[in-house]
Number of protein chains: 2
Amino acid sequence: MTRLVFEKADAVPLVAEVFRELGFEGASLSRITERTGLGKGSLYHFFPGGKEEMAAAILADIDAWFVRHVFEPLEKGEPRAAIAQMWRSVNTYFRSGRRICLVGAFALDETRDRFAAPIHRYFARWVEALRRALMRAGVEGAAAGQFAEQTVAGIQGALVLARALNKNALFTRALTRLAQRLDAGIPTQP
Amino acid sequence: MTRLVFEKADAVPLVAEVFRELGFEGASLSRITERTGLGKGSLYHFFPGGKEEMAAAILADIDAWFVRHVFEPLEKGEPRAAIAQMWRSVNTYFRSGRRICLVGAFALDETRDRFAAPIHRYFARWVEALRRALMRAGVEGAAAGQFAEQTVAGIQGALVLARALNKNALFTRALTRLAQRLDAGIPTQP
DNA sequence: ATAATCCTAGACCGATCGGTATACTTTCAG
DNA sequence: CTGAAAGTATACCGATCGGTCTAGGATTAT
């Protein structure tokens, strides 16, 4: 009985990858055990609430990553630098289009209703943080809100399209274009 | 034994709505029967291949709708008029954001691998039809391809974001902005 | 009216589902 | 060295899964 995992925190990303690949309904306990190497015993030890708790922990983990690498920089840092970091972080996180956004995927089917709060919180915070950063960078109010929505939606759409066409170069290319469009909307540094 | 449905063609959109709401894995036979009113007998009469055949028929049905209302006009019609029609059709089809894109949803998880061909075909034809229409409208080659990708991705992303934030006004607003951006890239009529 | 066909209801099948319980090993503090 | 706590393996549970099958109602052509 070798120990593969030492704490819940180690189990979360393993299980997350299975949910990402199979979706919430598609990720059955047996599929999770076979792909992670964790038996049901371990799984229910770490997540007594079963699949629901696993998914909740994963969403919290994703949220924490984005808070640290995207949201807080946008909220607190120098806006231009924070936006530049956002593009790098997003491209890294989604592995240049090879990885999808689990939060977005959950939003599409009835799974959304189980996790409505964290899903809403994640996207709302992202859009709002970006909007405020744009305003601090000198973008006018209404335009900033529209840019922010457009940008976050653009990222999600690029993930869908890249996966549908099985062409992940499309994702990185789309990020570049979105970044250019955003830059073009930001007044030059005074 | 009243007859609710008279041919396979009548069953497809009913079952489609269930797949749309629950996803491929989430749509169990019992859920499908309870939501459509069609018993297993009828379902397997129309779709002897089971769930897989249902999903394939649905994808074909969706594709046919887009061919008729979006792709062929873009491919054959006057480009500016066809693009204008595309925006109307898309807003209608997705019920102003209340309905998701099943093809896009399938693309996100492992379901993609089962239906790789129709998923790829749908998006590839959309992007390509739009690209050529833009070129016929006078947009330069490379720019047309980028606009087309950006636009289709933008629509998909808007669906994700609108559902995640449970704010379908966001979808219609996003369509408007995407349309404006596209128009701005098209040279004025000579 | 009748026969052939089309369609439907639902019992039934083995497999798998999410989840529980228990017996076991490993780890580590005392 | 020992015992409690942490972590793991697996048999097992009732429910549900996708799918099959049969009996019979509805429809149509003749």
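Naming convention: chains lettered A, B, ... in sequence-line order (proteins, then strands); numbering from 1 in each chain.
- With rounding to whole Å, B:Leu29 atom CG is found 10 Å from D:dT20 atom P.
- Taking the six-membered ring where the residue is Trp, A:Phe24 and A:Phe106 present perpendicular rings, their angle passing 60° and hence far from 30°.
- The side-chain heavy atoms of B:Ile62 and B:Arg20, taken from C-beta on, include a pair separated by under 4.5 Å.
- By the side-chain hydrogen bond (donor to acceptor under 3.5 Å, both in side chains) test, B:Thr176 pairs with no residue at all, sequence neighbours left out.
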Might you work through the side chain to side chain contact (heavy atoms under 4.5 Å, CB included) test for B:Val12 and B:Phe46, ending with a clear yes or no?
-> CA-CA 9 Å; B:Val12 169; B:Phe46 290 127; over 6 Å; no
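- In this entry the distance linking NE2 of A:His45 with P of C:dC24 reads 19 Å, nearest Å.
- The separation between B:Leu43 atom CG and D:dG18 atom C1' is 11 Å, rounded to whole Å.
- One interatomic measurement links the two molecules: CD of B:Glu34 to C1' of D:dG18, which rounds to 16 Å at whole-angstrom precision.
- Minimum atom distance to the side chain of A:Ser28 is reached by C:dG18, of the listed D:dT8, C:dG18, C:dA9.
- Atom C1' of nucleotide C:dC13 and atom OH of B:Tyr44 are separated by 13 Å, given to the nearest angstrom.
- A heavy-atom distance below 4.5 Å is found between the side chains of A:Ile186 and A:Ile83.
- The stretch residues 47-60 of chain A touches DNA chain C through A:Gly50, A:Lys51, each having a heavy atom within less than 4.0 Å of the strand.
- Taking atom CD of residue A:Glu7 and atom C1' of nucleotide C:dT27, one finds them 14 Å apart after rounding to whole Å.
- Among the nucleotides D:dT8, C:dT20, D:dC17, the one closest to the side chain of B:Ser30 is D:dC17.
- Protein atom CD of A:Glu25 is 10 Å distant from nucleotide atom P of D:dC17, rounded to whole Å.
- One atom, CZ of B:Arg31, and another, C1' of C:dC17, lie 12 Å apart when rounded to the nearest Å.
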